[in-house]
Every structure is written in structure tokens, then in C-alpha cells.
Amino acid sequence: INVDLCSGIEENSFAGELNAYPNPADQSMRVTFSGAAPAQLTVTDMSGKSVFSDTFSGKTIIPVANWAAGAYFISVKSAESVHSELIFIE
């Protein structure tokens, strides 16, 4: 039996960065993504129902004024990666 020593865990290197602000939001939310373009953005509620989707490059604005208050998941998928973040609507 051979046992290799583990001196740590290698960190994942993500291709791109996702930012959604303001968080929480009440009128609109700006989304920026520094990864490969174009990217597919999807917002789902806690039940998994898609409430918004868009294909964008770099930045977009999500109108949230008519959404119910609560938590949602935002997911951005590019050719290189998938990023997800929890957002809140007031």
C-alpha cells in the first residue's frame, strides 16, 4: 500500500468573476461578468422556476421591481465556466 502525503487542497481557478449589485435590490440589479462572452444569465426562484434569462456580454441590468420579495439564485454560464450567486429582492 502506497500513501501519498497531502499538503493542502488545490484551489479552483475560475474563469471570470460574477458581480450582482445592489444586493438586496428593489428596482433593478446590475450584473457584471468578466468571463468569456457571450454569457447566458438565468435567475430562478427558490422553487427552481426561471423568472428571468438573458444573453449578455460584460454587463446587463435585471428589472426586479415587480418581483416578489425573497431570495433568488442567479447563474451565469459561459463557454469556460458556470458561476452562481444568491441574490435578495426587497
Side-chain angles (χ1 to χ4, degrees):
I1 296 177
N2 291 330
V3 177
D4 292 328
L5 294 177
C6 178
S7 62
I9 298 172
E10 188 175 324
E11 290 187 28
N12 289 332
S13 60
F14 294 109
E17 182 177 342
L18 170 64
N19 290 301
Y21 58 93
N23 192 8
D26 61 358
Q27 296 295 315
S28 63
M29 179 170 281
R30 298 180 189 281
V31 177
T32 61
F33 181 64
S34 63
Q40 177 65 41
L41 177 142
T42 304
V43 180
T44 56
D45 63 16
M46 287 292 120
S47 70
K49 177 184 171 189
S50 177
V51 296
F52 182 84
S53 64
D54 187 22
T55 300
F56 73 107
S57 296
K59 60 185 172 180
T60 191
I61 296 176
I62 303 172
V64 300
N66 296 323
W67 294 9
Y72 295 80
F73 284 107
I74 183 171
S75 177
V76 175
K77 181 180 180 182
S78 72
E80 299 173 345
S81 61
V82 176
H83 297 266
S84 296
E85 187 171 317
L86 185 62
I87 61 171
F88 297 93
I89 306 303
E90 294 181 325

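Predicted model only: the values in this text are computed from it and were never measured.
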Practice prompt. Flag the pair Y72 / V64 as yes when at least one side-chain heavy-atom distance between them is below 4.5 Å, and no otherwise.
Written response: no
Worksheet item: When rounded to the nearest 0.5 angstrom, what is the spacing between CZ in F33 and NZ in K59?
Response: 16.0 Å
Worksheet, complete the sentence: dist I87:CD1 -> I62:CD1 (nearest 0.5 Å) comes out at 5.5 Å
Worksheet item: For L86, does its backbone N or O pair with a side-chain atom of N23 as donor and acceptor, under 3.5 Å?
Response: yes
Practice prompt. Give a yes or no answer on whether the side chain of S34 reaches the backbone of E17 with a donor-acceptor pair at less than 3.5 Å.
Written response: yes
Worksheet item: Is there a side-chain contact between I74 and F52 (heavy atoms, below 4.5 Å)?
Response: no
Response to the item:
Taking every heavy atom of S57 against every heavy atom of P38, the minimum-distance pair comes out as OG-CA, 3.8 Å
Worksheet entry | Transitive ILVMFWY side-chain link V43 to F88, under 4.5 Å | no
Discussion item. Would a single hydrophobic cluster contain both V51 and I89, if residues Ile, Leu, Val, Met, Phe, Trp and Tyr are joined by side-chain heavy-atom contacts under 4.5 Å?
Written reply: yes
Worksheet item: Between P24 and E90, what is the shortest heavy-atom contact and its length?
Response: CG-OE2, 3.3 Å
Discussion item. How long is the straight-line distance from CZ of R30 back to CG of N19, given to the nearest 0.5 Å?
Written reply: 13.0 Å
Worksheet item: Taking the side chain as C-beta and beyond, is there a heavy-atom pair between F56 and V76 under 4.5 Å?
Response: yes
Discussion item. Rounded at 0.5 Å granularity, tell me how far CG in L18 sits from CG in L41.
Written reply: 8.0 Å
